[in-house]
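In what follows, chains carry the letters A, B, and so on, assigned in the order in which the sequence lines appear, proteins first and then strands, with residues in each chain numbered from 1.
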Amino acid sequence: MLQDNIVESILGKTTQKRKSKIPAKLDFLQSATGLILAIFIIFHLLFEASILFGKDSMYAITKMFELDFFIKGGSPIFISILAFIIFAIFIFHAFLAMRKFPNSYREYLRLKTHAKLMKHSDTNLWIIQITTGFMLFFLGSIHLYTMLTQPANIGPFASSDRVYSDMFWPMYLMLLISVVLHAGVGIYRLIMKWGWFDGKNPKENRLRTRKIIKIITIIYLIIGLFSLITYIKIGYEHRDSYGERYKVITNEN
Amino acid sequence: MSREITITALKYNPSDKNSKPTFAEYKLTETPGMTLYIALTKIKASIDHDLSSDFVCRAGICGACGMIINGKPRLACKTLTSEFKDGKIELLPLPTFKLIKDLSVDTGSWMKNMSIRVNSWIEAKEQTDITKIEKIVEPEVAQEVFELDRCIECGLCVASCSTAIMRKDFVGAVGLNRVARFQIDPHDKRTDSDFYEIIGDDEGIFGCMSLLACEDHCPKNLPLQSKIAYMRRKMVKV
């Protein structure tokens with residue numbers, strides 16, 4: 001193995017005198033991990049927005065993820081497991097995507113000047129993506145680590161306490177904006193990269209794809225913002241009872 | 001009514017050690033249907049004989065007059081001065097290519113290296129027997145090959161590409177388009193595995209970030225977006 005690596009690092013070719021297949025795999029995996037994370041976010045934000053339909057809805061969703069239909073009362077461990085899997089994919093995606101970042105002063109200067117001069121829509125979208133991607137290194141990690149280690153602290157009151165009393169809301173606001181933009185641009189670029197919906201008229205379909213994704217991204221930003229505001233509001237009202245957990249009030253007599 | 005336009009151009013001669021990069025400003029009267037090529041010819045003839053820029057055909061065919069025009073890579077001969085409402089036009093040489101002087105760059109050497117790198121020629125399946133009638137190529141396939149053959153090697157796709165701007169070894173859309181042209185051509189015996197040996201790395205197809213500035217700035221409207229995606233799909237399957 002080491003000898004294979006030595007040959008390839010010196011010659012740029014494998015011992016079979018062929019190009020390595022690793023770059024193809026990395027390119028594919030960068031897209032695949034990005035797609036998995038984007039699909040995860042699409043559903044995550046919707047589930048999180050259940051708070052807009054009331055505390056009971058959010059509580060029901062939380063319990064569903066604790067698999068209460070499977071184990072009586074559910075268990076937060078399943079949230080931890082999910083957070084662990086997503087964290088692993090997230091780190092791997094970051095590792096792969098970093099390869100494309102400008103990585104020296106000269107590369108950074110050239111890219112920045114180029115984008116500023118050219119005012120080209122998709123180039124600017126990528127600038128948004130590397131900026132939000134960089135932010136997500138930190139914001140995403142904070143959130144995922146919290147979910148990994150405190151899976152029980154999810155619920156109408158527990159989440160709201162974290163958002164308001166634990167001062168997580170500025171972090172969540174930045175996380176929301178960066179993750180939605182990053183995923184929106186990412187999905188658009190994935191479609192372009194692999195030519196999924198090229199059809200007979202790729203130029204026209206590109207414009208259509210961009211428009212649809214732009215609308216969906218804005219809708220997600222609005223849903224996310226309203227959800228966050230709702231959590232802040234609940235957290236503010238619940239500030240004096242910090243730590244108390246939500247209980248579903250049943251009307252059974 | 002004709003108006004006065006202001007053209008600013010970067011002036012620098014890398015082969016003259018006393019030369020310093022400066023921005024020269026030229027004021028001239030716009031004429032009906034004036035292209036930047038005409039404007040530059042006027043400047044060179046009557047204002048600044050020392051200003052260098054390239055041209056051959058004046059008709060968007062040779063690809064020699066590529067430059068950065070108000071930030072965008074374009075052909076001077078295909079750009080009307082009337083497009084710029086404020087009458088202010090800034091000209092820069094194409095980045096990514098070796099600067100010869102002022103607005104003149106050496107795209108030729110770059111393109112030659114690219115052609116050699118991607119083996120830009122047919123590797124024939126068999127010896128042609130000229131005593132026999134040629135094998136038929138389906139018109140749709142021939143048309144697709146001809147379409148990609150319309151590339152004029154102006155270098156605008158390379159100058160507009162963020163990967164090429166940052167990493168000088170990137171093969172560029174022009175190179176990927178060339179490989180796609182031979183991949184489609186039924187005369188060529190090379191398999192996808194052979195093409196992988198040419199572009200299967202981060203300096204080739206996997207360096208492309210799909211920002212599509214190449215597609216948006218190509219003066220020949222080549223289908224770069226779909227052909228690069230096509231090659232990428234082929235190359236990950238090898």
Side-chain angles (χ1 to χ4, degrees), chain A residues 12-13 17-32 97 99-104 106-127 129-130 185-186 188-203 205-206 210, chain B residues 68-74 90 92 94-96 156 159-170 192-218 221-238:
Chain A
K13 285 188 187 289
K17 286 167 68 177
R18 308 288 284 179
K19 265 198 174 137
S20 166
K21 297 288 184 291
I22 301 286
K25 291 195 175 78
L26 297 181
D27 195 54
F28 174 78
L29 284 171
Q30 185 183 342
S31 294
R99 299 173 305 139
K100 308 290 180 188
F101 277 44
N103 56 26
S104 66
R106 185 161 168 74
E107 284 187 11
Y108 177 75
L109 175 76
R110 280 177 72 91
L111 175 70
K112 194 178 140 199
T113 313
H114 171 68
K116 203 169 181 178
L117 282 175
M118 201 165 62
K119 296 182 181 74
H120 174 249
S121 56
D122 286 19
T123 304
N124 290 340
L125 285 180
W126 186 63
I127 302 281
Q129 226 190 358
I130 49 174
V185 177
Y188 165 70
R189 289 192 47 231
L190 269 184
I191 293 169
M192 292 303 118
K193 183 172 176 177
W194 299 97
W196 285 336
F197 305 120
D198 272 2
K200 284 212 169 86
N201 193 341
K203 279 183 202 294
N205 287 335
R206 175 182 169 203
R210 195 159 58 192
Chain B
I68 303 292
I69 302 170
N70 276 2
K72 292 184 186 292
R74 300 179 69 171
E90 187 183 74
L92 307 171
L94 285 184
T96 66
L156 298 195
S160 62
C161 171
S162 295
T163 304
I165 284 283
M166 291 192 288
R167 282 137 209 172
K168 66 180 169 61
D169 291 331
F170 181 54
D192 285 346
S193 187
D194 296 325
F195 289 118
Y196 189 93
E197 292 307 304
I198 300 171
I199 54 164
D201 52 26
D202 287 333
E203 285 78 46
I205 189 80
F206 306 123
C208 165
M209 303 191 290
S210 318
L211 306 184
L212 303 179
C214 53
E215 161 113 357
D216 295 339
H217 293 95
C218 176
N221 294 318
L222 291 176
L224 299 170
Q225 169 195 346
S226 51
K227 282 297 168 288
I228 294 174
Y230 168 79
M231 283 314 297
R232 191 190 298 273
R233 292 197 299 270
K234 291 279 173 199
M235 291 301 103
V236 289
K237 282 184 196 150
V238 170

Of the backbone (N, CA, C, O) and the side chain (C-beta and beyond), which part of [X] lies under 4.5 Å from a heavy atom of chain A, both, or neither?
X: Met209(B); value: both
X: Thr163(B); value: neither
X: Pro73(B); value: side chain
X: Ile198(B); value: backbone

Heavy-atom pairs under 4.5 Å with chain A - which of [options] has more of them than the others?
options: Ile205(B), Asp216(B), Asp202(B); answer: Asp216(B)
options: Gln225(B), Lys72(B), Arg232(B); answer: Arg232(B)
options: Cys161(B), Pro223(B), Cys208(B); answer: Cys161(B)

Can you tell which of Asn205(A), Asp198(A), Asn201(A) makes a side chain to side chain contact (heavy atoms under 4.5 Å, CB included) with Ser226(B)? Asp198(A)

Sub-4.5 Å side-chain heavy-atom contact between [X] and [Y]:
X: Tyr188(A); Y: Ser210(B); value: no
X: Tyr196(B); Y: Arg18(A); value: no
X: Arg189(A); Y: Leu211(B); value: yes

Quick check on [X] against chain B: is it the side chain, the backbone, both or neither that has a heavy atom closer than 4.5 Å?
X: Phe101(A); answer: backbone
X: Arg106(A); answer: neither
X: Asn103(A); answer: both
X: Ser20(A); answer: backbone

Which heavy atom in [X] sits nearest to a heavy atom in [Y], and how many Å separate them?
X: Met166(B); Y: Trp126(A); answer: CE-CH2, 3.8 Å
X: Leu222(B); Y: Lys203(A); answer: O-NZ, 4.5 Å
X: His217(B); Y: Met118(A); answer: CE1-SD, 3.6 Å
X: Ile199(B); Y: Lys19(A); answer: N-NZ, 4.4 Å
X: Ala24(A); Y: Val236(B); answer: O-CG1, 3.9 Å
X: Arg167(B); Y: Lys100(A); answer: NH1-O, 3.6 Å

Please say whether the positively charged group of Lys237(B), taken as NZ for Lys or CZ for Arg, lies over the ring of Phe28(A), i.e. under 6.0 angstrom from the six-membered ring centre and within 45 degrees of the axis. no

For Trp194(A), does the six-membered ring have the charged nitrogen or CZ of Arg233(B) within the cation-pi criterion, i.e. under 6.0 angstrom from the centroid and within 45° of the normal? no

Can you tell me how far apart [atom1] ([X]) and [atom2] ([Y]) are? Round to the nearest 0.5 Å.
X: His120(A); Y: Ser162(B); atom1: NE2; atom2: OG; value: 8.5 Å
X: Lys193(A); Y: Leu212(B); atom1: NZ; atom2: CG; value: 12.0 Å
X: Gln30(A); Y: Phe206(B); atom1: CD; atom2: CZ; value: 11.5 Å
X: Asp201(B); Y: Ile22(A); atom1: CG; atom2: CD1; value: 13.0 Å

Under a 4.5 Å heavy-atom criterion, the part of residues 109-116 of chain A in contact with chain B comprises Arg110(A), Leu111(A), His114(A)

Top of Lys25(A), Arg206(A), Met192(A) for chain B proximity - count of heavy-atom pairs under 4.5 angstrom: Arg206(A)

